[in-house]
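The analysis underlying the following values was restricted to heavy atoms, covering all of them including side chains, and did not include hydrogens, waters or symmetry mates. First listed ligand is number 1; within each ligand, the first listed atom is number 1. All residue numbers in this chain count up from 1 along the given sequence.
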Amino acid sequence: MARRNSYRFLGNKAKKEVHDLDNEKTGPNQCQIDEIIRAGNAVYFSPDTLAQAHSQGYDNCQWCLGGSQR
Ligand SMILES: [Zn+2]
């Protein structure tokens, strides 16, 4: 699957969840990346790492990352 951009991780600032775009799940009620972007809730991380997302308080998406910390 082609990436939307040069980032791997995308955060949903509305839900404080982080998604792995390399492992995006597109089923109903799964990652819903398009909806996140459309709603203006997409955020990216610098550096583009899961550790950075966690340090900003983001939790793993249960579909593409699993292992929710909540
Ligand atoms: Zn996800």
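Annotation for Leu65 and Phe9: closest pair CD2-CE2, 4.3 Å, computed over non-hydrogen atoms.
A donor-acceptor pair under 3.5 Å is formed between the side chain of Asp48 and the backbone N or O of Arg8. A donor-acceptor distance shorter than 3.5 angstrom exists from the side chain of Asn23 to the backbone of Cys64, with no hydrogens or angles considered. Formation of a donor-acceptor pair under 3.5 Å by the Lys16 side chain with backbone atoms of Gln56 is found in this model.
Of the N and O atoms on the side chains of His19 and Asn60, not one donor lies less than 3.5 Å from an acceptor on the other residue.
Ring centers of Tyr7 and Phe45: at least 6.0 Å apart, outside the cut-off.
Protein N/O/S atoms found under 2.8 Å from the Zn ion (ligand 1), listed by chain and residue number: His19 ND1, Cys31 SG, Cys61 SG, Cys64 SG.
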